[in-house]
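Quantities reported herein were computed from a predicted structural model and do not represent experimental measurements.
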Amino acid sequence: MIDIQHRSFESTLLACEALGGVDLIVTSPPYPDARPGQYGGDASHDFTWPDYQRLGDHVARALKPGGFAAVNIDGPVRTTRPGIGSERSLIAFKLAIDWAERVGLRYVEHCAYVRDGAPGLFGDRWRSGWEPVHVFQRPGPSTADMTQARVSAKLAGEKHGRSRNRDAGGWVQSAARVHADTRCITTAIKGFVNRATVDQSHPGPFCDWLADAFVLCYSPPGGLVCD
């Protein structure tokens, strides 16, 4: 079943809570300096720190015990402090600490969504090539299975392992052999957005693989996922 609704995150996550909770939430909240209507919504104010806190509270209640939330969040280089100048927003780190310590979610993993930034010259800054993705869990029994998201192995085929021979005090070649043509993904999740097929009217398109990786690893077969 796929249910698509256009509504606020409060309404969406309250609906998840009413269903008894969901196995996985995948979301990318607006930048901290987003303006009303920038992302197609009808918010009457900027997305501010209290909004990120309310989002964390709703996410915790909308998850089943043991459920996961993957949050892609970054801030642009626009924040200016008096006497310091422009700097990159610290919102990604601030949110991770708040949701772990105040909200009480377990901080499972930090991932990097690797993607090419906008081309061109950037003066005294590097071009951004990744965005943070935090993975949280509501404490409870886990259904995570990291073997479900695999990619082609660069060195596929037969491999020999080594084991420690304590008596001889050296390394010996073991008889174990591994036949594999795939491997688990790393915390650097690479992908690209195909501009030829993506809906250009969407303000923040993502590659399919970013969502696939989290759905495959952090939700069970037949599970309920909230985007």
Is any side-chain heavy atom of Glu109 less than 4.5 Å from a side-chain heavy atom of Tyr218?
-> yes

Is there side-chain contact between Arg102 and Gln53, with at least one heavy-atom pair below 4.5 Å?
-> yes

Is the His58 ring parallel, tilted or perpendicular to the Phe9 ring (thresholds 30°, 60°)?
-> perpendicular

Flag the pair Ile91 / Tyr52 as yes when at least one side-chain heavy-atom distance between them is below 4.5 Å, and no otherwise.
-> yes

Geometric cation-pi criterion Lys94 and Trp49, 6.0 Å radius, 45° cone = yes

Within one Ile-Leu-Val-Met-Phe-Trp-Tyr cluster: Phe68 and Val225, side-chain cutoff 4.5 Å | yes

Test item: Val103 and Asp57 side chains (from C-beta on) under 4.5 Å apart, heavy atoms | yes

Is Arg106 reaching over with its side chain to a backbone N or O of Gln137, donor-acceptor style, under 3.5 angstrom?
-> no

Hey, does the side chain of His134 reach the backbone of Ala92 with a donor-acceptor pair shorter than 3.5 angstrom?
-> yes

Rounded to the nearest 0.5 angstrom, the SG-CE distance for Cys217 and Met146 is 4.0 Å

Would a 4.5 Å heavy-atom cut-off, applied to side chains only, mark Trp209 and Ile185 as touching?
-> yes

Are Tyr31 and Trp130 connected in a single hydrophobic cluster, I mean Ile/Leu/Val/Met/Phe/Trp/Tyr linked by side-chain heavy atoms less than 4.5 Å apart?
-> no

Taking the side chain as every heavy atom from C-beta outward, state whether Leu95 and Phe136 have any atom pair closer than 4.5 Å.
-> yes

Any salt bridge between Arg54 and Asp51, counting N to O under 4.0 Å?
-> yes

Check the hydrophobic clustering (I, L, V, M, F, W, Y; side-chain heavy atoms under 4.5 Å; chains of links allowed) and say if Leu14 and Val59 are grouped together.
-> no

Return a table of donor-acceptor pairs under 3.5 angstrom between the side chains of residues 20-28 and protein atoms on other chains or two or more places apart.
residue, atom, partner, partner atom, Å
Asp23, OD2, Lys64, NZ, 3.4
Asp23, OD2, Leu224, N, 2.8
Ser28, OG, Asn72, O, 3.0

Check: Arg7 main-chain N/O paired with Ser11 side-chain donor or acceptor under 3.5 Å | no

How about His110 and Val133: do any of their side-chain heavy atoms sit closer than 4.5 Å?
-> no

Spacing of Asp145 atom CG and Leu216 atom CG [to the nearest 0.5 Å] = 9.5 Å

Rounded to the nearest 0.5 angstrom, the CZ-CG distance for Arg138 and Leu63 is 7.0 Å

Please check if atom OH in Tyr107 has more than 12 non-hydrogen atoms from other residues, nucleotides or ligands closer than 6.0 Å.
-> yes

Where the side chain of Arg88 meets the backbone of Gly75, is there a donor-acceptor pair that is under 3.5 Å apart?
-> yes

Do Tyr113 and Pro132 come within less than 4.5 Å of each other through their side chains, counting heavy atoms only?
-> no

Assess whether atom CG of Asp227 is packed by more than 12 heavy atoms of other residues, nucleotides or ligands within 6.0 Å.
-> no

Which value, rounded to the nearest 0.5 Å, describes the distance between Glu17 atom CD and Cys226 atom SG?
-> 12.0 Å

